[in-house]
Colleague: 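The following block contains the structure, expressed as structure tokens.
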Amino acid sequence: MDTYDPIELLSNRFRQAIARAYPEVGQEVDPLVSASRQPQLGDFQSNAAMSLAKRVGANPREVARAIIAHADMSGIAEPLNEQSVAGPGFINVRLAPDALVRLLEALDEPALGLRPDEPMTVVVDLCGVNLAKQMHVGHLRATIIGDTIARLHERLGHKVIRQSHVGDWGLPIAMVTAKLLELEDRGELSESLDLDELNRLYKQAQAECAGEHRAMEVIQRVGGHAKLEAELAAINAEADEHLAHARRVLVALQSGDQRVRAMWQRIYDVTMSECLRTCARLHTLITDEHSAGESTYAEELGQVVEDLASRGIAHESDGALVVRIEGIDEPCLVRKSDGGYLYATTDLAAIRRRVQQLGADLVVYCVDARQSLHFKQVFAVARLAGYATKPGASQPSRLEHAAFGTILGEDNRPFKTRSGENVKLSDLLDEAVARARRAVDERSAELSREERDSIAEAVGIAAIKYADLSNDRIKDYVFSFDRMLAFEGDTGPYLLYALVRIRSLFRKAEAEGIAFDPHAPIIITEPEEKALALALLRYPKTVRAAAETLQPHRLCGYLYELCSAYSTFYDRCHVLKADDAEQRCSRLRLCHLTARVLADGLDVLGLPTVERM
RNA sequence: GUCCCGGUAGCUCAGCUGGAUAGAGCAGCGGACUUCUAAUCCGCAGGUCGCAGGUUCGAAUCCUGCCCGGGAUGCCA
């Protein structure tokens, strides 16, 4: 048997049977094999007869009988008979016990049935922090969903390049750079500048440049407040001066002025060192080498725009340069009327580099769903201009916006602090870890302080990540510490706990001198054993589906079901106290395989695991 | 206005390529710890799949219209 996947094997047999029964339809028919939802009816089912009935002009149950008559299930499933046909024409299949064992043994190899695909290069755009700003809840999803999508593709053997499109360029950055230079001139710039302070100065710089133009409009409309008007005018004049100064700093930065550049670098370093620390704490594989900020495209923007204009793809409109796309009403602006470039321009340059230089066959943008129009436009322009096509390729690479919804508070409004500020991501992680710590203290007071610390860290992070990843990406979800750290239910801690129990079992076996034989014969007799076995066999296909659809929540759902099947098995089928040595060895092997699949799946999701909790 | 996304149990969510009696978790009720980690397991109860049409042997799933909620929508990113 050359594959571990019962659905594939059964599909082949059904395909052959259909071809024999109905030579006129050939091998093209999808046998529609899926896992049965009701174990009492069978393990798997084929729904082919119903769809085939119309094509061959017979009634579905007759078609089902014809398929059965031509089906050879030897070596895989129990023979099919009249009783196998149910309802309108479902064909129920029960795996042969020895086949189930062989499939499990085939799965029980180092790669767990996940042999590498035809290797591709995948670029995943994730994280997306901004200079001089703390990571906040908004970055949580872009970071962890992006990292998990990257891990999914790595697991399938692809070359994955993570890229954080850092917001490190443009006027806002120049404003804070100007602010810092000013402080330095006055000798008021702290040597130990950290991100909190930097973030404070950023907001201050923003406010200073913004002035009170809105208030002024209101006052002027109302009239009769000459004194106030004069005050606002003074503030605005000052703000305009700040803004003009910031623009001069931007020009200096862009032309490579050494002092300005050095200050920018300092802002960059302070921001990134702290953000990357948070990325590491989130158990993501995002490091310095994955930063590809907007600044790195600065030199290419002019070329891109020039190229689009000279080839007649972009046109002038009200002073701006736009690309119009068939099927999209809103044009894509690539150059402002003042000559400045926009984020679409940078993203076009990024696609060009990612596809043509990095060789991406797939580029995934893990970015907020609110930007879907933007990506729709940019992808279309990139395809039109050929930027999405690898040199020599006939087809453009796949460009995907892995959009995600908003994190909501318990009031169903976007998650903010009481004062309406964004919640600092590190505060959020601290809170989750502190709550996890309380739970660990309650239950496992016997463990050392250090051990409880590291367990709490892993449990807290796993809880936050699982709560996020287990929801369908595109939807908004409600953030709740109570729910994600709950003692019961579909949570990160539940998955970690299942693995802990298996690991504990093996420690106990070792302590009792019970040998584990990784090649012991597997004997499936109890329904709980069979349910666990069938769950294990679904692993490879689940990982592939999650990667293909860019939906980590499918893998989460699977792992929860696997753990659930294991917990039931664990409850009903004693392992170390099994009836005899054969059964004990078989069950130990089942436990071992479960632990490996679970640990592998958790690793693909990017959840930390623990030995005890 | 136009476009995008969502609407499934009291709450939070799954539901695969259209397939059998729509599934979990939480909360509620009732059970299981002298027994491998009970952060567990088992059972009960809980549904107009937003509404109305249509396609189909079969629709939560596909199509059309409408309702509700969120978002986007030419010079921020």
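To find a chain, count down the sequence lines: A is the first, B the second, and so on, and within it residues start at 1. In this text the structure is predicted, and so the values were computed from the model without any measurement.
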Colleague: Across the strands shown, which category fits Leu505(A) at heavy-atom distances under 4.0 angstrom: base, sugar-phosphate, nothing?
Modeller: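 Leu505(A): base contact, heavy atoms under 4.0 Å.
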
Colleague: In whole angstrom, give me the gap between the P atoms of rG65(B) and rC5(B).
Modeller: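 Here rG65(B) and rC5(B) have their P atoms 14 Å from each other.
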
Colleague: For Tyr560(A) and rA24(B), is the gap between ring centres under 5.5 Å while the planes differ by less than 30°?
Modeller: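 No, the aromatic ring of Tyr560(A) does not stack with the base.
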
Colleague: If we call it a pair only when both distances are under 3.5 Å in a Watson-Crick or G-U wobble match, what pairs with rU40(B)?
Modeller: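 Because both required distances fall under 3.5 Å, rU40(B) counts as paired with rA32(B).
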
Colleague: Give a yes or no on whether a donor-acceptor pair under 3.5 Å exists between the nucleobase atoms of rA20(B), that is its base, and the side chain of Asn92(A).
Modeller: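 Under the 3.5 Å cut-off, the side chain and the base do form a donor-acceptor pair.
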
Colleague: Measure CD/Glu442(A) against C1'/rA38(B) and give the value in whole Å, please.
Modeller: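 One finds 14 Å between C1' of rA38(B) and CD of Glu442(A), rounded.
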
Colleague: At under 4.0 Å between heavy atoms, what does Tyr341(A) touch on the DNA or RNA strands: base, sugar-phosphate, or nothing?
Modeller: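 Tyr341(A): backbone/sugar contact only, no base atoms under 4.0 Å.
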
Colleague: Can you check whether Arg443(A) has a side-chain N or O nearer than 4.0 Å to OP1 or OP2 of rA39(B)?
Modeller: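 The answer is yes; a side-chain N or O of Arg443(A) sits under 4.0 Å from OP1 or OP2.
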
Colleague: Between His553(A) and rG15(B), does any side-chain N or O lie under 4.0 Å from OP1 or OP2?
Modeller: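 Yes, such a contact exists.
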
Colleague: For nucleotides rC16(B) and rU48(B), find the distance between their C1' atoms and express it as a whole number of Å.
Modeller: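 After rounding to an integer number of Å, I get 26 Å for this pair.
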
Colleague: May I ask which nucleotide in the shown strands pairs with rA72(B), Watson-Crick or G-U wobble, both distances under 3.5 Å?
Modeller: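 The answer is rU2(B), by the H-bond criterion.
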
Colleague: rG7(B) and rU12(B): how far apart are their C1' atoms, nearest whole angstrom?
Modeller: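 Their C1' atoms lie roughly 14 Å apart.
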
Colleague: Looking across every strand, which nucleic acid part, if any, lies under 4.0 Å from Arg501(A) by heavy atom: base, sugar-phosphate, or nothing?
Modeller: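 Sugar-phosphate contact only.
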
Colleague: Report which part of the nucleic acid Ala509(A) touches: base, sugar-phosphate, or nothing (heavy-atom distance under 4.0 Å, all strands).
Modeller: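 No contact at all - Ala509(A) keeps every heavy atom at 4.0 Å or more from the nucleic acid.
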
Colleague: So, is Thr568(A) close to the rC42(B) phosphate, meaning a side-chain N or O under 4.0 Å from OP1 or OP2?
Modeller: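 It does, given that an N or O in the side chain of Thr568(A) lies less than 4.0 Å from OP1 or OP2 of rC42(B).
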
Colleague: For rG74(B), does OP1 or OP2 lie under 4.0 Å from any side-chain N or O of Tyr343(A)?
Modeller: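 Checking rG74(B) against Tyr343(A), no side-chain N or O comes under 4.0 Å of OP1 or OP2.
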
Colleague: Is rC51(B) paired to anything, Watson-Crick or G-U wobble with both distances less than 3.5 Å, and if yes, which nucleotide?
Modeller: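 Because both required distances fall under 3.5 Å, rC51(B) counts as paired with rG65(B).
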
Colleague: Has the side chain of Gln371(A) got a donor or acceptor atom that lies under 3.5 Å from a matching backbone atom of His374(A)?
Modeller: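 No.
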
Colleague: So what does Ile474(A) hit on the nucleic acid, given a heavy-atom distance under 4.0 Å: a base, only sugar-phosphate, or nothing?
Modeller: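 Answer is sugar-phosphate: Ile474(A) comes under 4.0 Å of backbone atoms only.
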
Colleague: Looking for any heavy atom pair under 4.0 Å, which part of the strands does Asp338(A) touch: base, sugar-phosphate only, or nothing?
Modeller: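 Asp338(A): no heavy atom of the nucleic acid under 4.0 Å.
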
Colleague: Just how far, in rounded Å, is P of rC13(B) from CD of Gln551(A)?
Modeller: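 Taking atom P of rC13(B) as the reference, CD of Gln551(A) is at 16 Å.
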
Colleague: If only side-chain N and O atoms of Tyr497(A) are considered, is one of them under 4.0 Å from the OP1 or OP2 phosphate oxygen of rA39(B)?
Modeller: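 Yes, within the criterion.
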
Colleague: Check the side chains of Asp580(A) and Gln583(A) for a donor-acceptor pair under 3.5 angstrom, ignoring hydrogens and angles.
Modeller: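 Per modelled atom types, Gln583(A) and Asp580(A) side chains form no pair under 3.5 Å.
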
Colleague: Consider only side-chain N and O atoms of Ser84(A) and Asn92(A), and report whether a donor and an acceptor are under 3.5 Å apart.
Modeller: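 Result is no, nothing qualifies.
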
Colleague: Is a side-chain donor or acceptor of Asn47(A) paired with a backbone partner of Phe90(A) at a separation under 3.5 angstrom?
Modeller: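 Such a contact is absent between Asn47(A) side chain and Phe90(A) backbone.
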
Colleague: Does a nitrogen or oxygen in the side chain of Lys475(A) sit under 4.0 Å from OP1 or OP2 of rA14(B)?
Modeller: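 Yes, such a contact exists.
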
Colleague: Report which part of the nucleic acid Ser567(A) touches: base, sugar-phosphate, or nothing (heavy-atom distance under 4.0 Å, all strands).
Modeller: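 Answer is sugar-phosphate: Ser567(A) comes under 4.0 Å of backbone atoms only.
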
Colleague: Heavy atoms only, 4.0 Å cut-off, all strands: where does Leu373(A) land among base, sugar-phosphate and nothing?
Modeller: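 The residue Leu373(A) makes sugar-phosphate contact but no base contact.
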
Colleague: Distance check, P atoms only: rA27(B) and rC42(B), in whole angstrom units.
Modeller: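 Each nucleotide's P atom is 16 Å from the other's.
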
Colleague: Between Asp441(A) and Arg437(A) (salt bridge meaning N to carboxylate O under 4.0 Å), is one present in this structure?
Modeller: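 A salt bridge is present here (some side-chain N lies under 4.0 Å from a carboxylate O).
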
Colleague: Quick one: label Asn47(A) by what it contacts on the DNA or RNA (base, sugar-phosphate, nothing), any heavy atom closer than 4.0 Å.
Modeller: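 Base contact - Asn47(A) has a heavy atom under 4.0 Å of at least one base atom.
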
Colleague: In whole Å, what separates the P atom of rG15(B) from that of rU55(B)?
Modeller: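 Straight-line distance between the two P atoms is 29 Å.
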
Colleague: Look at all strands and tell whether Ala320(A) reaches a base, only sugar-phosphate, or nothing, counting heavy atoms closer than 4.0 Å.
Modeller: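 If one applies the 4.0 Å heavy-atom cut-off, Ala320(A) turns out to touch a base.
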
Colleague: What is the nucleic acid contact for Arg538(A), judged by heavy atoms within less than 4.0 Å: base, sugar-phosphate only, or nothing?
Modeller: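 Counting heavy atoms under 4.0 Å across all strands, no contact is made by Arg538(A).
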
Colleague: With a 4.0 Å cut-off on N to O distance, would you call Glu526(A) and Arg572(A) a salt bridge?
Modeller: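 Looking at Arg572(A) together with Glu526(A), the answer is no, because their closest N to O distance does not fall below 4.0 Å.
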
Colleague: Is a salt bridge present between Arg141(A) and Asp468(A), judged by a nitrogen-to-oxygen distance below 4.0 Å?
Modeller: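 Salt bridge flag = yes for Asp468(A) with Arg141(A).
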
Colleague: Can you find a side chain N or O atom of Lys336(A) that sits less than 4.0 Å from OP1 or OP2 on rC76(B)?
Modeller: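 Yes, within the criterion.
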
Colleague: Between Asp482(A) and Arg435(A), is there a side-chain N and carboxylate O pair less than 4.0 Å apart?
Modeller: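 Arg435(A) and Asp482(A): salt-bridged.
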
Colleague: Would you mind classifying the nucleic acid contact of Val500(A) as base, sugar-phosphate or nothing, using non-hydrogen atoms under 4.0 angstrom?
Modeller: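 Here Val500(A) touches the bases of the nucleic acid.
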
Colleague: What is the nucleic acid contact for Gln45(A), judged by heavy atoms within less than 4.0 Å: base, sugar-phosphate only, or nothing?
Modeller: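 The answer is base, as Gln45(A) lies within the cut-off (heavy atoms under 4.0 Å) of a base atom.
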
Colleague: If the P atom of rG18(B) is compared with that of rA60(B), how far apart are they to the nearest Å?
Modeller: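 One P to the other, the span is 13 Å.
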
Colleague: Rounded to whole angstrom, note down the C1' distance from rA45(B) over to rG25(B).
Modeller: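 Comparing C1' positions in rA45(B) and rG25(B) gives a spacing of 16 Å.
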
Colleague: Give a yes or no on whether a salt bridge exists between Asp5(A) and Arg538(A), defined as a side-chain N under 4.0 angstrom from a carboxylate O.
Modeller: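 Looking at Arg538(A) together with Asp5(A), the answer is no, because their closest N to O distance does not fall below 4.0 Å.
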
Colleague: Can you check nucleotides 55-60 of chain B for protein contacts, nitrogen or oxygen pairs under 3.5 Å, and list what you find?
Modeller:
none

Colleague: Applying a 3.5 Å limit to both distances, which nucleotide forms a Watson-Crick or G-U wobble pair with rC13(B)?
Modeller: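 Looking at the geometry, rC13(B) pairs with rG23(B).
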
Colleague: When rounded to the nearest Å, what value does the distance between P atoms of rG53(B) and rG69(B) take?
Modeller: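 One P to the other, the span is 24 Å.
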
Colleague: What contact category does Arg473(A) fall into here, base, sugar-phosphate, or nothing, at under 4.0 angstrom with non-hydrogen atoms?
Modeller: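 Touches nothing.
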
Colleague: Looking only at side-chain N and O atoms, does Asp490(A) offer a donor or acceptor that is under 3.5 Å from a partner on Tyr466(A)?
Modeller: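 The answer is yes; a qualifying pair exists.
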
Colleague: Rounded off to whole Å, could you give me the CG-to-P distance for the Asp571(A) and rG43(B) pair?
Modeller: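 It works out to 11 Å between those atoms.
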
